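Working notes for the structure below.
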Number of protein chains: 2
Amino acid sequence: MATSTVRTPAGAPARSMRADARRNYDRLLNEARASFAEHGTDASLEDVARQAGVGIGTLYRHFPNRQALMYAVFQEALAALLARSRELAEGDHPCHALVEWLGAVVTHTGEYRGVAQALMSATRDETSALARCNTPLREAGARLLARAQESGAVRAEVSIDDLMQLTNAIALAAEQAPDDPALADRLLALTLQGLKGPAAEQG
Amino acid sequence: MATSTVRTPAGAPARSMRADARRNYDRLLNEARASFAEHGTDASLEDVARQAGVGIGTLYRHFPNRQALMYAVFQEALAALLARSRELAEGDHPCHALVEWLGAVVTHTGEYRGVAQALMSATRDETSALARCNTPLREAGARLLARAQESGAVRAEVSIDDLMQLTNAIALAAEQAPDDPALADRLLALTLQGLKGPAAEQG
DNA sequence: GAGCAACCGGAGGTGCCCTCCAGATCGCCT
DNA sequence: AGGCGATCTGGAGGGCACCTCCGGTTGCTC
């Protein structure tokens, strides 16, 4: 996966683009970012095109569907998350690292309302461009989880798929309650510690 | 809250309805139930009306918006959940009862794709008819949680709001992965037990 | 600067949402 | 029984968004 200086969002054109095309591509991407952040990922694509000063046909030329656009927008958040995972993988507190990274996932996902949902459904839909986001995320998470499990801090039965799915679910819950920004943290803490108290029955 | 033999879905007419009106109301409700189950709660309302053999205007007369229709459809599941909670509240295993009830919530929610999401956003939107679903659910959950906490099986800091939100989130995750029906159970189990293993660091 | 491939953009077909109101229908009342 | 008003019906219609398609335009190459 060659991540050169030029965006290569697996489906959007990367190699030598005509100057006007690149200009429009960038405008669209910027406008989509702003629009998704403000109105969520179900913002009107015609609005995005209009705001970008570009015809709707041009938008669809560059991004054949909404998912492709979301993928492109989500790219940099993805890169940041992968970088963070590498950073955390070198620290001394595997469990803490895992939880902190999951928190970062939730935060980044929450930047655009609707991304969590889209990522979740994309998990099982190979055809979606967004599915390509999930694989690297999953692998980054898997490394952190494995380390935490080796250290004994996390139970061995926990699977990375379940954990990522739950994290996405938490992100989704958090974005439904924008007036309670600490919700995500509390839910993650809940996940970490579980419900069980001192006198827990055995399940 | 008088639950007589006649449906009284708080917004849909209850008192003496003309015979033709009641007939259409019932047809619409049945068709909506089927349609939501098959296509999710974002099914076309015009389809619902068409399938019910009724004009679109009639649908909107009875259910001023999609939420009202969802509310009416979700009523019986809601009643079942409340009944189940009363049943479980009398058993001997408070923690087990709580978890089982949460499982039932996830199951019923999952019958209609989209309900989990709608319920979650309705939590913070008083104007929505669906918000009226949440309050009784929350209270039923609160009773079960309180009992589990009194018995010491569940940590005292856990709040019912967080727990319900997380449960909804799990329901949502589960409905995104229809090919893995056990996902919800695993995620609930994860919530119950937490990630922590034998040598957990303190968080 | 000529030619052509790449690109632009918006008209247009489709589908859905929701409103509105003229006409059909019901059921009470005499 | 039959009339009459309140109630209900249904679909036309305006608005919006999606996405496709293709005539016209632009940038790049030689």
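Below, read A as the first sequence line, B as the second, and so on, with proteins coming before strands; counting in each chain starts at 1. The structure presented is a predicted model; accordingly, all values stated were derived computationally and were not measured.
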Any Lys/Arg nitrogen of A/Arg66 or A/Asp42 sitting under 4.0 Å from an Asp/Glu carboxylate oxygen of the other?
no
Verify the contact: side-chain N or O of A/Asn24 to OP1 or OP2 of C/dC7, cut-off strictly under 4.0 Å; return yes or no.
no
Check the phosphate of C/dC8 against A/His62, side-chain N and O only, distance under 4.0 Å to OP1 or OP2. Yes or no?
yes
Taking N or O atoms only and anything under 3.5 Å, show me the protein contacts with nucleotides 16-18 of chain C, one pair per line.
from: C/dC17; atom 1: OP1; to: B/Arg66; atom 2: NH1; distance (Å): 3.0
from: C/dC17; atom 1: OP1; to: B/Arg66; atom 2: NH2; distance (Å): 3.3
from: C/dC17; atom 1: OP2; to: B/Leu45; atom 2: N; distance (Å): 3.0
from: C/dC18; atom 1: OP2; to: B/Tyr60; atom 2: OH; distance (Å): 2.8
from: C/dC18; atom 1: N4; to: B/Glu46; atom 2: OE2; distance (Å): 3.2

Measure across A/Pro136 and A/Leu82 and return the closest heavy-atom pair with its distance rounded to 0.1 Å.
O-CD2, 3.6 Å
Minimum heavy-atom distance between B/Pro64 and B/Ala68, given as atom pair plus value
CD-CB, 3.9 Å
Outermost contacting nts on DNA chain D, any atom under 4.0 Å from chain A heavy atoms, listed 5' then 3', are D/dA17 to D/dC28
Could you check how far [atom1] of [X] sits from [atom2] of [N], rounded to whole Å?
X       : N      : atom1 : atom2 : result
B/Arg61 : C/dA22 : CZ    : C1'   : 14 Å
A/Met17 : C/dC7  : CE    : P     : 8 Å
B/Asp20 : C/dT25 : CG    : C1'   : 6 Å
A/Arg23 : C/dA6  : CZ    : C1'   : 14 Å

I'd like a table of donor-acceptor pairs (distance under 3.5 Å, sequence neighbours excluded) in which one partner is a side-chain atom from residues 163-172 of chain B, with atom names and distances.
from: B/Thr167; atom 1: OG1; to: B/Leu163; atom 2: O; distance (Å): 2.7

The criterion is side-chain hydrogen bond (donor to acceptor under 3.5 Å, both in side chains); which residues satisfy it with B/Arg50, sequence neighbours excluded?
B/Asp47
According to salt bridge (charged side-chain N to carboxylate O under 4.0 Å, His left out), does anything in residues 107-122 of chain A pair up with another residue at least two apart or in another chain? List the pairs.
none
Ring centre gap for A/Tyr71 and A/Phe63 strictly below 6.0 Å:
no
Side chain to side chain contact (heavy atoms under 4.5 Å, CB included) partners for A/Arg147, two or more places apart
A/Pro94
